**Q** 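To start, I am sharing the structure in question, which I have written as C-alpha cells.
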Protein chains: 2
Amino acid sequence: MLKRFKKKKSAGTAKSFIEKDKVKAVKKKMKSETFFHNLAETFKAMSDPTRTKIIYALCLEKELCVHDITAIVGTTNSAISHQLRTLRNMKLVKYNKVGKIAYYSLDDIHINNLFAEGLRHVEEK
Amino acid sequence: MLKRFKKKKSAGTAKSFIEKDKVKAVKKKMKSETFFHNLAETFKAMSDPTRTKIIYALCLEKELCVHDITAIVGTTNSAISHQLRTLRNMKLVKYNKVGKIAYYSLDDIHINNLFAEGLRHVEEK
DNA sequence: ACAATATCTGAACAATTGTTCATATGTTAA
DNA sequence: TTAACATATGAACAATTGTTCAGATATTGT
C-alpha cells in the first residue's frame, strides 16, 4: 500500500521523463500497422538466398525463362517455380507467357534500386 | 527401357538449346554463395514489422534509448531488446551505453538509403 | 546495503518458411 | 493422338523465427 502510494507519487514525473518530446514527435509521425507490414513483406521477399540469386540474374539479363533461371541458380525446377510465385505475389517480378515458355523480369525500377542499395551495403562491410 | 533410350538421344541437344548465351553470361557474373547469403541476411534483418518500426523511428530521431523505442513501438521491453540484438548482429544499428541507458542509432547511411528505397516501393504500390 | 531503474538473456512455444516429391496442367511437334 | 517439354502446384517435412515468461546484470540514488 505504502509502495503503491510512493509509485503513484513518482509515476507521473517518471513517465513524463521517459515520454519526452522525442517519443511524442516520432509517435505523431508513425505510419499504420499495414504500412509496416507491407514494408516488412517487401524486404522479406528479398530475404532468401535463392530469391536474391533470381533477382540478381534478372538485374543482369532483364528477361529469363524458368528453365534458364533454374540452370543459373542450380536447383530444381520446382524450387524455382515456388520462389517465382512468391516474388510474383510480392510484385517484385512479372512475367509474360509465350507459348509454353514464361519470361520473367523485374517488376519495376524500384526493385533494381532496392537491390543495388542492399548490394552496396554488403560489399562495403 | 525404350523410354530411357529415347531420352538419352535428345537430352544433349535439348540442353544446348536451353543453356544459351544468356545463361552463360549470367553464370560468369555470378557471385559467391556467401555473398548471396549475406545479402539475404541484410534484407531479412528488415523483414519483420517490429524491426521496420524500430528502423523507421531511428530514421526520424537518430538516437533513441530502449525505453523510448519500446514506448514508440508499443510492445514489451523484452521483445524490443531481442530485436535490437538481431539488428545489432546484422550491423544495421549500433549503440553506445551511457550509465544504464543504451542509446541506439542506425549503423550507417546505407541503412537510411535502403530503408527509404523500400519505403518508396511500398508507397507507390 | 538496498530499492528502483534500464537493459539483457535463455528456454519454450506456436507460427512460418523453403525444399522435396509426386503429380498436374498446358503447349508444341510428330 | 501421343510423346516430349515447360512450368506450376499441393502435401509433407525439417528448420527457422518472433514472442512471452521468468529471471539475470548492471547502474544509480538514498
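Keep in mind that what you see is a predicted model, and the values were worked out from it rather than measured. So you know, we letter chains A, B, ... as the sequences are listed, proteins then strands, and number each from 1.
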**Q** Which comes earlier along DNA chain C counting from the 5' end, the contact point of Ala79(B) or that of Val98(A), where each point is its nearest nucleotide?
**A** Ala79(B)
**Q** For Ile54(A) and dG18(C), give me the distance from atom CD1 to atom C1', rounded to whole Å.
**A** 12 Å
**Q** May I have the step-by-step check of ring-ring contact (aromatic ring centres under 6.0 Å, His included) for Phe36(B) and Tyr56(A), ending in yes or no?
**A** CA-CA 9 Å; Phe36(B) 289 110; Tyr56(A) 178 74; 5.4 Å; yes
**Q** Kindly point out which of dC21(D), dT9(D), dA8(D) is positioned nearest to the side chain of Asn77(A)?
**A** dA8(D)
**Q** CD1 of Ile101(A) versus P of dA29(C): gap in Å, rounded?
**A** 10 Å
**Q** Looking at dT9(D) and His82(A): do their rings stack (centroid distance under 5.5 Å, interplanar angle under 30°)?
**A** yes
**Q** May I ask you to decide whether Glu61(A) forms a salt bridge with Lys29(B), counting only side-chain N to carboxylate O separations under 4.0 Å?
**A** no
**Q** Counting side-chain heavy atoms from CB outward, which of dT17(D), dT20(C), dG18(D) is closest to Lys44(B)?
**A** dT17(D)
**Q** Looking at Arg88(A) and Lys94(A), would you say the former's side chain and the latter's main chain have a donor-acceptor pair under 3.5 Å?
**A** no
**Q** In whole Å, what is the span from the CD1 atom of Ile80(B) to the P atom of dT7(C)?
**A** 11 Å
**Q** Output yes when at least one side-chain N/O atom of Gln83(A) is less than 4.0 Å from OP1 or OP2 of dT19(C), else no.
**A** yes
**Q** Using whole Å, report how far CG of Leu64(B) lies from P of dT7(C).
**A** 11 Å
**Q** Select one nucleotide: of dT28(D), dT17(D), dT20(D), the one nearest the side-chain heavy atoms of Lys100(B).
**A** dT28(D)
**Q** Is the count of non-hydrogen atoms from other residues, nucleotides or ligands lying under 6.0 Å from Lys91(A) atom NZ greater than 12?
**A** no
**Q** Please determine, for the side chain of Arg51(B), which listed nucleotide (dT20(D), dG18(D), dT9(D)) has the closest atom?
**A** dG18(D)
**Q** Between dT7(C), dT9(D), dT19(D), which one does the side chain of Cys65(B) approach most closely?
**A** dT7(C)
**Q** Do any side-chain nitrogens or oxygens of Thr76(B) fall under 4.0 Å of OP1 or OP2 in dT20(D)?
**A** yes
**Q** By nearest atom, which of the nucleotides dT20(C), dA22(D), dT9(D) is closest to the Arg85(A) side chain?
**A** dT9(D)
**Q** Side chain of Thr75(A), heavy atoms from C-beta onward: which of dA6(C), dT19(D), dT20(C) has the nearest atom to it?
**A** dT20(C)
**Q** Between Ser47(B) and Lys44(B), is there a donor-acceptor pair closer than 3.5 Å when you use the side chain of the first and the backbone of the second?
**A** yes
**Q** Please give, in whole Å, the distance from dA8(D) P to Tyr95(A) OH?
**A** 6 Å
**Q** Please report, rounded to the nearest Å, how far the C1' atom of dT7(D) is from the CG atom of Leu87(A).
**A** 16 Å
**Q** Counting side-chain heavy atoms from C-beta on, which of dT19(C), dA8(D), dC8(C) comes nearest to Tyr104(A)?
**A** dA8(D)
**Q** What's the closest nucleotide to the side chain of Ser78(B) if the choices are dT19(D), dT20(D), dG18(C)?
**A** dT20(D)
**Q** Taking CE from Met90(B) and C1' from dT16(D), how many angstroms apart are they, rounded to a whole number?
**A** 12 Å
**Q** As a test of reading the structure: which of dT9(C), dT9(D), dT7(C) is closest to the side chain of Lys97(B), going by heavy atoms?
**A** dT7(C)
**Q** Let me know the distance between NE2 of His37(A) and P of dT16(C), rounded to the nearest Å.
**A** 11 Å
**Q** Salt-bridge test for Glu117(A) and Arg120(A): reply yes if a basic N is under 4.0 Å from a carboxylate O, no otherwise.
**A** yes
**Q** Could you check whether the side chain of Thr50(B) and the base of dT19(D) have a donor-acceptor pair of N or O atoms closer than 3.5 Å, going by distance alone?
**A** no
